[in-house]
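All values reported here derive from a predicted model rather than from experimental measurement.
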Amino acid sequence: MVREAVKEDLAEILQLYLYLHEQSIPERSAHLSAVWEQIISDENHHLIVNVIDGRIVSSCVCVVIPNLTRNVRPYAFVENVVTHPDHRGQGYASGCLDYAKQIAEINHCYKMMLLTGSKEQSTLEFYRNAGYNSTDKTAFIQWIGM
């Protein structure tokens with residue numbers, strides 16, 4: 001079942017993020033709690049999860065960003081696409097991306113974007129099959145404090 005995350009999902013999401021690029025789960029702190037509250041309460045920030053047999057097996061984030069161009073239409077940015085290794089290749093991440101696209105459509109976004117650090121052909125093909133292309137734009141990243 002694909003749905004938006006709720007407050008009680010934090011521990012499972014942090015555990016799933018270990019398969020993304022995280023090295024450890026952040027320490028429980030007032031800062032973590034405040035950031036989680038901000039994410040959950042922000043109407044433009046959608047943390048999407050796919051739940052199978054009561055467990056979160058896949059997730060992505062979709063942020064709708066207000067915009068003054070393109071006839072004042074927003075755009076959506078997708079980030080942190082991850083599936084537990086035991087559940088990959090079963091369409092769970094595709095379900096999350098489909099849900100993100102529905103959010104973008106409901107909000108009248110003119111485009112969706114995502115970045116991946118992966119060079120794996122299977123990952124790149126997954127995004128292409130989900131409707132994304134890597135030919136329309138060039139992405140540049142500047143890391144801060146790394």
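To the nearest 0.5 angstrom, Q23 atom CD is 16.0 Å from Y17 atom OH. Summarising the geometry, atom OG belonging to S118 is positioned 12.0 Å from atom NE2 belonging to H21; distances are rounded to the nearest 0.5 Å. Between atom CD1 of residue I48 and atom SG of residue C96 there is a gap of 6.5 Å, rounded to the nearest 0.5 Å. Separating the CD1 atom in I65 from the CG atom in N107 is a distance of 11.5 Å, to the nearest 0.5 Å. How far OG of S94 is from CG of N129: 8.0 Å, rounded to the nearest 0.5 Å. For the atom pair CD1 (I106) and NZ (K101), the distance works out to 12.5 Å, reported to the nearest 0.5 Å.
Y132 and L124 are not part of a single hydrophobic cluster, where members link through side-chain heavy atoms under 4.5 Å apart. Linking ILVMFWY side-chain heavy atoms closer than 4.5 Å, directly or via other members, places M113 and L115 in a single hydrophobic cluster. If you chain together hydrophobic residues whose side chains sit under 4.5 Å apart, L114 and F126 fall into the same group. Under a hydrophobic-cluster definition in which Ile, Leu, Val, Met, Phe, Trp and Tyr are linked whenever side-chain heavy atoms come within less than 4.5 Å, directly or via other members, V82 and L47 are assigned to the same cluster. Under the 4.5 Å side-chain heavy-atom criterion for grouping Ile, Leu, Val, Met, Phe, Trp and Tyr, I39 is not connected to I103 through any hydrophobic cluster.
Within the 4.5 Å cutoff, no side-chain heavy atoms of M112 are placed close to those of Y75. L32 is listed as a side-chain neighbour of L14, based on a closest heavy-atom distance under 4.5 Å. When side chains are defined from C-beta on, I13 counts as touching V49, because their heavy atoms get closer than 4.5 Å.
Annotation: I141, atom CD1; neighbour count of heavy atoms from other residues, nucleotides and ligands within 6.0 Å is above 12. For E125, the CD atom is densely surrounded, since the number of other residues' heavy atoms within 6.0 Å is greater than 12. Heavy-atom contacts from other residues, nucleotides or ligands closer than 6.0 Å to NZ of K7 number 12 or fewer.
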Verify side-chain contact (heavy atoms from CB on, under 4.5 Å) between I25 and Q15, making sure each step is shown before the conclusion.
CA-CA 7 Å; I25 294 174; Q15 190 70 41; 3.2 Å; yes
Worked check of side-chain contact (heavy atoms from CB on, under 4.5 Å) between N80 and C60:
CA-CA 5 Å; N80 296 340; C60 75; over 6 Å; no
Could you go through the side-chain contact (heavy atoms from CB on, under 4.5 Å) check for T138 and F140 one step at a time?
CA-CA 7 Å; T138 301; F140 291 90; 3.7 Å; yes
Worked verdict on V64 versus F77 for side-chain contact (heavy atoms from CB on, under 4.5 Å):
CA-CA 7 Å; V64 176; F77 189 78; over 6 Å; no
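A pairwise comparison of heavy atoms in E4 and H45 identifies OE1-O, 4.4 Å as the closest pair. The nearest pair of heavy atoms linking A93 to V81 is CB-CG1, 4.3 Å.
Of the possible donor and acceptor atoms, one in the side chain of N50 sits under 3.5 Å from a partner among the backbone N and O of Y92. The closest donor-acceptor contact from the side chain of R128 to the backbone of N133 lies at 3.5 Å or more, if one exists at all. Without hydrogens or angle criteria, R73 side chain to N67 main chain gives no donor-acceptor distance under 3.5 Å. Not a single donor-acceptor pair under 3.5 Å links the side chain of H31 to the backbone N or O of R28. A donor-acceptor contact shorter than 3.5 Å links the side chain of E12 to the backbone of I56. Formation of a donor-acceptor pair under 3.5 Å by the T83 side chain with backbone atoms of S58 is not found in this model. Remark: the backbone N or O of L10 is not paired with any side-chain donor or acceptor of W36 at under 3.5 angstrom.
Ion pairing between a basic and an acidic side chain is recognised when a charged N comes within 4.0 Å of a carboxylate O; R3 and D9 show such pairing.
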